[in-house]
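To keep things clear, I will list the structure first and then write my remarks on it.
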Amino acid sequence: MTDGFTRRQTLAGAAGAGVAGASLLLGVGRAIGQPLRYTAAVATTAGQVRGRQVGRVANFLGIPYGGDTRQRRFQAPVAPEPWSGVRDCVALGHQCPQMEISGSAPPGTDLNSPFVQAVMAAGKQGMEQGNEGEDCLVLNLYTPEASPARKRPVMVWLHGGGFAMGSAGDPQYDGNALVRRGDVVVVTINHRLNALGYLYLGDLDPLFADSGNAGQLDIVLALQWVRDNIANFGGDPGNVTIFGESGGGSKVSVVMAMPAAQGLFHKAIIQSGPGLTMGDKAQAAAHGEATLAKLGLAKTDVRKLLDMDIREIMRAAGAAQGRGMRSLAPIVDGRALPRHPFSPDATPLSRDIPLMIGTTKDESTLFLSPDPLFGKMTEAQAVEKATAMLGPKGAEGIAVFKRLRPKDAPTYWLTSLMTASGTWINSIRLADRKLAQPAPVYMFRMDWETPFYGGALKAPHGTEVPFVFDNADKRPVLLGTGPVQRKLGAELSQAWINFARNGDPSQPKLAWPAYDTAERRTLIFDTVSHVTADPDKEARVLLGSA
């Protein structure tokens, strides 16, 4: 049994990307042409700001929550310098300098096929380009009413992109639709990434003791800003939900285990980013030394990094990473992060924090798509690849998903196993460990399959994010458009809003019971959303959820 893509599917995917891309550009043009309506000035701890009014929602873009990190490279962040007068916050601030992606394809992959090029174009649709700088500790705030007259739930978004890339400026993270639907306040933040946020140099110089978690400390500073300022923007500092997807979900996991973040948030949502463990301090120190060696610097010359070109440092840090080494990510440093977030058990610091957690059904199709065999794989080839990944359990895993998904082709038995053995089973493990604490846990899975490229990616990594923000219309190449997409946008965004408001994501027509290890009831988001007990139990048992 094999599966493949027809020439018609290939041409349709490419044509769809072109049409939607042109439509997106026209939309941007119209937005630029709209007259600017300023909000009234709002006081913050650093000075007054004013934003722009977009319909019924006040948008404040690029508010500084921290000082320019050029002055504090590899050090903990500080509050911004106060300003006089009223600061205009009507445009996105800098995103952190982005890690460069190697132009060469990894062994055994093809990044130049029409299919992969279409996947990459769909993923980049509308994504913020350029506007990079070290003065990047800024946040965007969306509110129905920029005044302290009422207190609304606050939703603070931590963007994806691993710990290396991404920004709050991606259009799918625009908070206007979520604010209009739920009468909430939405905050999205930029912070330091890659070498700037996570290159550990503390063993070389005490000045850099916090360098391995600088990006996480930025997030804590942003949450402190929310605590101190959000009431003036109509938000409730006593009802703050942090949520994030992929790398953002891992950032949420870490924040839950940071002593400095205690009391700054009250609920958490982890989407496709379960962070059970973080990096090893000794390994991170070795990586820091290797980075200096790549730059031709002695260990005693570490402070020369303060004046070097940041791109040169980032390239050296990337080149110094060993194969499979997670070096540029948070570390258990005994300071900002005293222990692993959810290993061997759930951090006691967040014992009273309700949690929503989940994945997409087919996370791994996105990551396997550059494999030339994607869409053409035989069962024997799927077993061979699975065995290389999981040893003896590989063949058994393919057999399990052949039974669970009999209508799927071998490519998808492999991607289902890859998804299940990574993000999915680790989300279950995290949930199981959190259940030992008093706060409730809610589990979800996004099963709806995008029509992109004839359904080739099924329900890939990141599918749910535009729906959570009720912004599916901003990703038409990947998601398509229509009544089903609008329904899913309403369901997911309302569930997230309800959870932020009162800790229960249920809706009148879509009850969502709390998770437990007896029934493992999971909300499946699909064309017809529903609750399922212990979905794919056979795979869970094989992989082990304890």
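Ring geometry for F469 versus W157: interplanar angle over 60°, hence perpendicular rather than tilted (30 to 60°). F233 and W225 have tilted rings, their planes meeting at an angle from 30° to 60° on a 0 to 90° scale.
Distance alone, capped at 3.5 Å, places no donor-acceptor pair between the T423 side chain and the S272 backbone. Side-chain atoms of N239 come within 3.5 Å of backbone N or O of A500 as a donor-acceptor pair. A donor-acceptor pair under 3.5 Å is absent between the side-chain atoms of N190 and the main chain of S167, judged by distance alone. At distances below 3.5 Å, not a single donor-acceptor pair connects side-chain atoms of S427 with backbone N or O atoms of P274. S246 contributes no side-chain N or O that, together with a main-chain N or O of G248, makes up a donor-acceptor pair within less than 3.5 Å. At distances below 3.5 Å, not a single donor-acceptor pair connects side-chain atoms of D236 with backbone N or O atoms of K151. At distances below 3.5 Å, at least one donor-acceptor pair connects side-chain atoms of Q98 with backbone N or O atoms of C96. K267 places no side-chain N or O within donor-acceptor distance of the main-chain N or O of M155, the cut-off being under 3.5 Å. Here the side chain of N213 pairs a donor or acceptor atom with the backbone of I331 at under 3.5 angstrom. In this structure a side-chain-to-backbone donor-acceptor pair under 3.5 Å is present from D218 to R192.
More than 12 heavy atoms of other residues, nucleotides or ligands sit less than 6.0 Å from atom NZ of K487. More than 12 heavy atoms of other residues, nucleotides or ligands lie within 6.0 Å of CD in Q117, so this atom counts as buried by the packing criterion.
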* To do: Mind running side chain to side chain contact (heavy atoms under 4.5 Å, CB included) on D183 and R501 for me, showing each step along the way?
  => CA-CA 10 Å; D183 193 35; R501 188 172 302 282; 4.2 Å; yes

* To do: Kindly determine whether R180 and D470 satisfy salt bridge (charged side-chain N to carboxylate O under 4.0 Å, His left out), including the steps that lead there.
  => CA-CA 10 Å; R180 288 194 301 268; D470 206 7; over 6 Å; no

* To do: I would like to know whether V49 and W83 meet side chain to side chain contact (heavy atoms under 4.5 Å, CB included); could you show each step before the answer?
  => CA-CA 10 Å; V49 297; W83 58 85; 3.6 Å; yes

* To do: Apply the test salt bridge (charged side-chain N to carboxylate O under 4.0 Å, His left out) to residues D333 and K281: give CA-CA distance (whole Å), side-chain angles for both, the deciding distance (0.1 Å), then the verdict.
  => CA-CA 6 Å; D333 62 356; K281 183 178 177 181; over 6 Å; no

* Given side chain to side chain contact (heavy atoms under 4.5 Å, CB included), test M258 with L349 step by step and report yes or no. => CA-CA 8 Å; M258 297 180 71; L349 293 181; 5.8 Å; no

* To do: Would you sort out whether I269 and F499 count as a side chain to side chain contact (heavy atoms under 4.5 Å, CB included), showing the intermediate values?
  => CA-CA 9 Å; I269 305 173; F499 181 75; 3.7 Å; yes

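Closest of all the heavy-atom pairs between A317 and A195 is CB-CB, 3.9 Å. The minimum heavy-atom distance between R50 and V90, with the atom names listed, is O-CG1, 4.3 Å. When all heavy atoms of Y173 and G160 are compared, the closest pair comes out as OH-N, 3.6 Å. When all heavy atoms of A268 and V252 are compared, the pair lying nearest together is CB-CG1, 3.9 Å. Nearest heavy atom pair, residue P354 against residue A439, reads N-CB, 3.6 Å. Residues A431 and V441 approach most closely at CB-CG1, 3.9 Å, considering heavy atoms.
Separation of atoms CZ (R52) and OH (Y38) is listed at 9.0 Å; rounding is to 0.5 Å. To the nearest 0.5 Å, atoms CD1 (I310) and CG (L196) are separated by 4.0 Å. The CH2 atom of W512 lies 10.0 Å from the OG atom of S529; values are rounded to the nearest 0.5 Å. One finds the CD atom of E134 at 4.0 Å from the CZ atom of R73 (value rounded to the nearest 0.5 Å). Between the CG atom in L478 and the CG atom in L366 there is a gap of 8.5 Å [rounded to 0.5 Å]. One finds the CZ atom of R315 at 10.0 Å from the CG atom of L295 (value rounded to the nearest 0.5 Å).
D309 and R311 are not joined by a salt bridge, as no carboxylate oxygen comes within less than 4.0 angstrom of a charged side-chain nitrogen.
Here the side chains of V220 and P77 are not in contact, with every heavy-atom distance at 4.5 Å or above. Between V42 and N229 the shortest side-chain heavy-atom distance does not fall below 4.5 Å. Contact annotation: the side chain of Q224 approaches that of L221 to within less than 4.5 Å [non-hydrogen atoms, C-beta and beyond]. Side-chain contact check for I357 versus K434: every heavy-atom pair is 4.5 Å or farther apart. Between P505 and F444, the closest side-chain pair of non-hydrogen atoms is not below 4.5 Å. Contact annotation: the side chain of L61 never approaches that of V138 to less than 4.5 Å [non-hydrogen atoms, C-beta and beyond]. Put simply, the side chain of V255 reaches to within 4.5 Å of the side chain of L223, judged on heavy atoms. In this structure the side chain of V154 never reaches within 4.5 angstrom of the side chain of P237, judged on heavy atoms.
N502 and D504 are not linked by any side-chain donor-acceptor pair at a separation below 3.5 angstrom, with hydrogens and angles left out of the test. Side-chain N/O atoms of N140 and T188 include a donor and acceptor closer than 3.5 Å. Side-chain contact, W496 with Q271: a donor N or O sits under 3.5 Å from an acceptor N or O.
Here the rule is side chain to side chain donor-acceptor pair (under 3.5 Å) with D210, and of R72, Q75, Q216, R335 only R335 fits it. Checked against V240 for a side chain to side chain contact (heavy atoms under 4.5 Å, CB included), the options V187, V185, V226 give a single hit: V226.
For W448 and F467, the ring centers sit closer than 6.0 Å to each other.
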